[in-house]
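Read the structure below first, then the notes.
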Protein chains: 2
Amino acid sequence: MSRIPGRVPTAAPTLADVAELAGVSRQTVSNAVNNPDLLRADTLVRVQDAIEELGYSPNRAARNLRTRSSHLIGMRMSPGQEFTANAAIDRFVHSLVETTGEAGYHVLLFAGDGNDPLRGYDDLLRSTAVDAFVVTDTYLGNPQAAWLRERRAPFVSFGRPWDDPDATHPWVDVDGAAGTELATRHLLDKGHERIAWIGWRKDSFIGEDRRAGWSRALKDRGLSTTGMASRVEDTVNSGREASAVLLDEARPSAFVCASDTLAMGVLHTLADRGLRAGADIAVIGFDDSQVAQVVRPGLTSVRQPLEDAAIQVVDALEGLLAHPPRVGPGILLAPTLAVRGSS
Amino acid sequence: MSRIPGRVPTAAPTLADVAELAGVSRQTVSNAVNNPDLLRADTLVRVQDAIEELGYSPNRAARNLRTRSSHLIGMRMSPGQEFTANAAIDRFVHSLVETTGEAGYHVLLFAGDGNDPLRGYDDLLRSTAVDAFVVTDTYLGNPQAAWLRERRAPFVSFGRPWDDPDATHPWVDVDGAAGTELATRHLLDKGHERIAWIGWRKDSFIGEDRRAGWSRALKDRGLSTTGMASRVEDTVNSGREASAVLLDEARPSAFVCASDTLAMGVLHTLADRGLRAGADIAVIGFDDSQVAQVVRPGLTSVRQPLEDAAIQVVDALEGLLAHPPRVGPGILLAPTLAVRGSS
DNA sequence: GCTCCCCGTTGGAACGATCAAGACCTCGGG
DNA sequence: CCCGAGGTCTTGATCGTTCCAACGGGGAGC
């Protein structure tokens, strides 16, 4: 009996308490919880009844200490920003939490230091607070992936290792090019032939990837992309200005954009000029954000399968944490197109 | 020496390793970490050097086991939804993670079961996986608060205990009425006298609170609210229809809405009728969402001080977890108004 | 010179679980 | 009849930290 006589009744019951009540040893209770098939059927029932009666749950700290694992997945929240990108990340986090929960894991969020992206990872890793990480901002070309690999920290990245094509860590990503290609084909099928692109500056891997899909779709139909593209900052105003210039100089009948933010800029330009989105000029955005859903007349947008992505990430994590570890190839998911009034 | 000779060098160093290197006992190292002022200055330096050299971090599981605390704050993510409300929650979570991090805590997210809102809380509580909870959806009138209090689980709610005015748990909330009053006064100051309200159905405490601010502002100026209000579902279409009816029947020159979603509906109606938001009819939303920022011509919106709210929540949590616990009164924060083109 | 006190330090025990190995029983084969 | 195998349960040790009570040295006071 490990309990001190007179102990307050609110204290949580331990393995030993259950063992005593069921008339078995601690180890047997432990087995009942973790390896039920090792027990004889009637013993199992007896132990389970005792667990039920006492309302016993294994103490996480003790289990973590012994097994050297916490069943926690660490994820860094990128530091404060008011911008578009994080809406998608938040949707991903939601899905991730649900999926990890089903797999018996929880998600631990920690804050990122803007100056030192490694800070935080290091602490959690050395104090064995998490079993693995999910990394979401590899696209910055930041040193996280290399650093984590060097420390032998298990992690899965949501986002391709753009700058290191033969990186060996597991990753899951959405095929941005396939998304914009889908969007562009959708417009081609509607009869558009002059389809412009508004994307991000050339140093963005993701931006160039998305642009490639637009370019590929046009070239497949033998159409030229010359003069039909613009690369700007990811702001509404940039989209507005870029689309104004393109309308004057290239006379497109449709726009494909690297983000919903840029697409909103296009919608502004159309409104400025008395043109109707959808009817006169088609517009397609990227991310299927809240904005795309509520704006008039509805913004057609490429939708990332973030729920699937979360499932794949958790799957890869489970492989990584298995004995022996299973590590599969990178996984690329195809986005879909949410069609609305603007196309 | 607790280390097995030949142990793999990647294994994390322990307190005993540091103690041996520094030539002191375990307890002294522990004190160096937790109560540095108990040590003589030169000893402290020696221990800190050893810690530095080995790259030691205390093992979280062992510490948690001994101290019966995890330094984790649990927060339940409400189950999958594609709606407006969670954008604000996500912004709150961001701030919460940053603030808890500064206080030495981390945030553990867990998934909510739609059917049984208590599921999840129970597990984490009994297995001592978290020290406390942050509860965000008290407004549903769900049983969490009562349940948690009964279990003596420390928690702070973001949201007032609407249905139980003399609840004793700490809470932090944003004064919605103050926000809509601010919005309405802003319109009054611009010369508007016929200001309509579009809000949520009567069974929403939050909706009624926000409505009260509008009503109060009008009555303070001796203006009537009769026939100027509509209560509908929180969708764009509802806002659109409600505003169409109000325009016909009450001829308002301005709208105050319980959400940006409803305000978007108003903007749609104005566009349908060739009216210009801001110039012809003023519109104000609530939450200062992404949408408000990018829509044309910019939607004036009540902005909740979620960063402050997170700070207050963490402050309340620290009080709750102190010895002895300090529990302060509920805290109501005043929102601000983000003024844009629509007003 | 002795005691007392204080400060810094020490070894042992405890937190609650799992791991490793052994004990006991039953059963079948030589 | 004895032995080994396999299934079931028990015992002792251990994970890495902090709590507890006790210990030793040095200065102040008598």
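This one's a predicted model, so the numbers in the text were calculated from it and none came from an experiment. Here is how names work: the chains are called A, B, and so on, in the same order as the sequence lines, proteins then strands, and each is numbered from 1.
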[N] phosphate, OP1 or OP2, under 4.0 Å from [X] side-chain N/O:
X	N	answer
B/Arg68	C/dG16	yes
B/Thr67	D/dT18	no
A/Arg63	C/dT18	yes
A/Arg40	D/dC9	yes
B/Ser25	C/dT10	yes
A/Thr43	D/dC9	yes

Original post:
Can we say A/Asp123 and A/Arg119 salt-bridge, meaning some charged N sits less than 4.0 Å from an Asp/Glu carboxylate O?
Top reply: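 A/Arg119 and A/Asp123: salt-bridged.
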Subject >> Side-chain heavy-atom pair B/Val33, B/Ile51 within 4.5 angstrom cut-off >> reply: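 Yes, close enough: below the 4.5 Å cut-off.
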**OP:** Check if the side chain of A/Arg60 and the base of C/dG16 share a donor-acceptor pair of N or O atoms closer than 3.5 Å.
**Re:**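 In this structure, the two groups form no donor-acceptor pair.
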Original post:
Going by modelled atom types, is there a donor-acceptor pair between the base of C/dA14 and the side chain of B/Arg66 at under 3.5 Å?
Top reply: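 Indeed there is one.
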Original post:
Out of C/dA17, D/dT18, D/dG16, which nucleotide sits closest to the side chain of B/Ala62?
Top reply: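 Nucleotide nearest to B/Ala62's side chain: D/dG16.
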Subject >> Which nucleotide in D/dG16, D/dT10, D/dC20 has an atom nearest any side-chain atom of A/Gln27 >> reply: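 Ranking D/dG16, D/dT10, D/dC20 by closest atom to the A/Gln27 side chain puts D/dT10 first.
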Original post:
Taking atom OG1 of A/Thr99 and atom CG of A/Leu317, what is their separation to the nearest 0.5 Å?
Top reply: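 Separation between the atoms: 10.5 Å.
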Original post:
Which part of the nucleic acid does B/Asn34 contact within heavy-atom distance under 4.0 Å: base, sugar-phosphate only, or nothing?
Top reply: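 Sugar-phosphate only.
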Original post:
According to the interplanar angle, ranging from 0 to 90°, do the rings of B/Phe158 and B/Phe92 count as parallel (below 30°), tilted (30 to 60°) or perpendicular (above 60°)?
Top reply: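 Aromatic pair B/Phe158/B/Phe92 classed parallel.
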Subject >> Distance, rounded to the nearest Å, where B/Leu15 contributes CG and C/dT10 contributes P >> reply: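 Rounding to the nearest Å, CG of B/Leu15 and P of C/dT10 are 12 Å apart.
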